[in-house]
Number of protein chains: 2
Amino acid sequence: MNIGAASEKSGLPAKTIRYYEDIGLLTADRASNGYRDYSIADVHRMRFIQRSRRLGFSVEECRQLLSLYNDRERESADVKTLAKTKLAEIDRKLVELTELRDTLRHLVRSCQGDSRPDCPIIEGLSSSQRK
Amino acid sequence: MNIGAASEKSGLPAKTIRYYEDIGLLTADRASNGYRDYSIADVHRMRFIQRSRRLGFSVEECRQLLSLYNDRERESADVKTLAKTKLAEIDRKLVELTELRDTLRHLVRSCQGDSRPDCPIIEGLSSSQRK
DNA sequence: ATAATGCTTCCAGTCGCTGGAAGCTAAAGA
DNA sequence: TCTTTAGCTTCCAGCGACTGGAAGCATTAT
């Protein structure tokens, strides 16, 4: 299967697939015409990476995850540890983002949106220094 | 005030302050020794930027916000529109991140974390394709 | 006097792609 | 069959928003 088909099946843009090959995250067979040739297993790996990235794993973490995925003999404890660390990180991000939204929402609510120059959004951004 | 002091007061790293000057987001007076010399107003602007960045505004948006901030005659409607757009974006991010967390949490919960090769995290990452 | 900061500039690198140019190959239409 | 178009190849450059490091002044502390 050519890169276009693999792209469609995996959800990764062709450019990204080539990039992942470049950084050694993926490998590719070559057809006689020089085109990359992918198997179903390759597409699975791509989807694995795509999903991991979407879940917030860095490319480096994907590399670890992928080595775990490629070698099923490895202990799942490793994977769990990685996933748990990532989960805590996401929770932190979630809290921060919520705070941020609340602040911004408050600012939007208290702004008239008319032509008066004393806009509370501007005030809030320049002075408030929570935490 | 030297860049170090301004950095401390604004919360922006000195490197970042210089970078912002580079891209024309900030300006700086110079002392006779060639050092940058900042006023309290400069620090206010820095804090304004720092806070805006933390709230998820891009540098480009900060530039707009800052021009609004520097020229208080401007209509607050402009600011409100910008802030509302940003708020919607943050809400979207929040939903996505929550989904992501739930998926990952589920995977972590269902993983034994022992030495067995059939780790549900790995399974989940390779096959599930929600949405 | 000397050592340790702190400041300056400039250049390079980070991360994770993404876009574009130039050129070859393959599939589809006239 | 010819031609257009699409898809593939490589390579190089750039994005955003910094961050790190080198080399070299200035200032402060010991």
Side-chain angles (χ1 to χ4, degrees), chain A residues 1-39 42-43 45-66 86 89-90 93 96-97 100, chain B residues 1-39 42-43 45-66 86 89-90 93 96-97 100:
Chain A
M1 155 187 7
N2 283 350
I3 198 168
S7 164
E8 211 166 312
K9 291 200 182 195
S10 68
L12 287 175
K15 274 258 172 191
T16 304
I17 295 173
R18 290 195 200 97
Y19 168 72
Y20 285 163
E21 187 180 334
D22 231 53
I23 61 168
L25 205 56
L26 288 172
T27 53
D29 284 347
R30 295 290 176 143
S32 53
N33 58 7
Y35 285 19
R36 286 171 182 81
D37 184 28
Y38 296 105
S39 67
D42 289 324
V43 172
R45 261 183 287 274
M46 286 174 201
R47 215 149 63 193
F48 179 87
I49 295 170
Q50 195 250 0
R51 185 152 175 82
S52 303
R53 292 285 302 123
R54 282 213 330 156
L55 281 171
F57 292 93
S58 75
V59 165
E60 243 3 85
E61 287 165 333
C62 284
R63 205 188 293 277
Q64 294 168 50
L65 243 17
L66 200 60
K86 212 63 209 167
E89 244 169 70
I90 290 171
K93 251 193 203 167
E96 234 181 88
L97 203 56
L100 199 152
Chain B
M1 154 186 9
N2 284 349
I3 199 169
S7 164
E8 212 166 313
K9 290 199 183 197
S10 69
L12 288 175
K15 273 259 172 190
T16 304
I17 295 173
R18 290 194 201 99
Y19 168 72
Y20 284 163
E21 187 180 335
D22 230 55
I23 62 169
L25 205 55
L26 289 173
T27 54
D29 284 346
R30 294 293 175 141
S32 53
N33 58 8
Y35 285 18
R36 286 171 180 83
D37 184 26
Y38 297 105
S39 67
D42 288 325
V43 172
R45 262 182 286 273
M46 285 173 200
R47 215 149 63 192
F48 178 88
I49 296 169
Q50 195 251 0
R51 187 153 173 81
S52 303
R53 291 283 302 120
R54 282 212 330 155
L55 280 169
F57 293 94
S58 75
V59 165
E60 245 1 85
E61 285 163 334
C62 285
R63 206 188 293 277
Q64 295 169 50
L65 244 16
L66 200 60
K86 213 63 211 170
E89 241 169 71
I90 289 170
K93 252 191 204 169
E96 231 180 90
L97 203 56
L100 198 152

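Side chains are part of it too, since the values below use all heavy atoms of this structure and drop only hydrogens, waters and symmetry mates. Quick note on labels: first sequence line is chain A, next is B, and so on, each numbered from 1.
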Among C:dT8, D:dA17, D:dT9, the one nearest B:Arg53 by side-chain distance: D:dA17
So if I take residues 13-26 of chain A and measure heavy-atom distances to DNA chain C, which residues fall below 4.0 Å? A:Pro13, A:Lys15, A:Thr16, A:Tyr19, A:Tyr20
Determine, for B:Arg63 against B:Glu60, whether the closest basic-nitrogen to carboxylate-oxygen distance falls under 4.0 angstrom. yes
Are A:Arg30 and A:Glu21 ion-paired here, with the side-chain N under 4.0 Å from a carboxylate O? yes
A:Arg30 CZ to C:dC24 P, in whole Å, measures 17 Å
Does OP1 or OP2 of [N] have a side-chain N or O of [X] closer than 4.0 Å?
X	N	value
A:Arg36	D:dC8	no
A:Asn33	C:dA26	yes
A:Arg63	C:dG16	no

Note: A:Leu26 and A:Arg45 closest approach over all heavy atoms is CD2-CB, 4.3 Å
Between A:Cys62 and A:Ile49, which heavy-atom pair has the shortest distance, and what is it? SG-O, 4.2 Å
Starting at the 5' end of DNA chain D, which residue's closest nucleotide do you reach first, B:Tyr35 or A:Tyr35? A:Tyr35
Within-4.5 Å side-chain heavy-atom neighbours: A:Tyr38 and A:Ile17: yes
Roughly how far apart are B:Ser10 OG and B:Gln50 CD, rounded to 0.5 Å? 7.0 Å
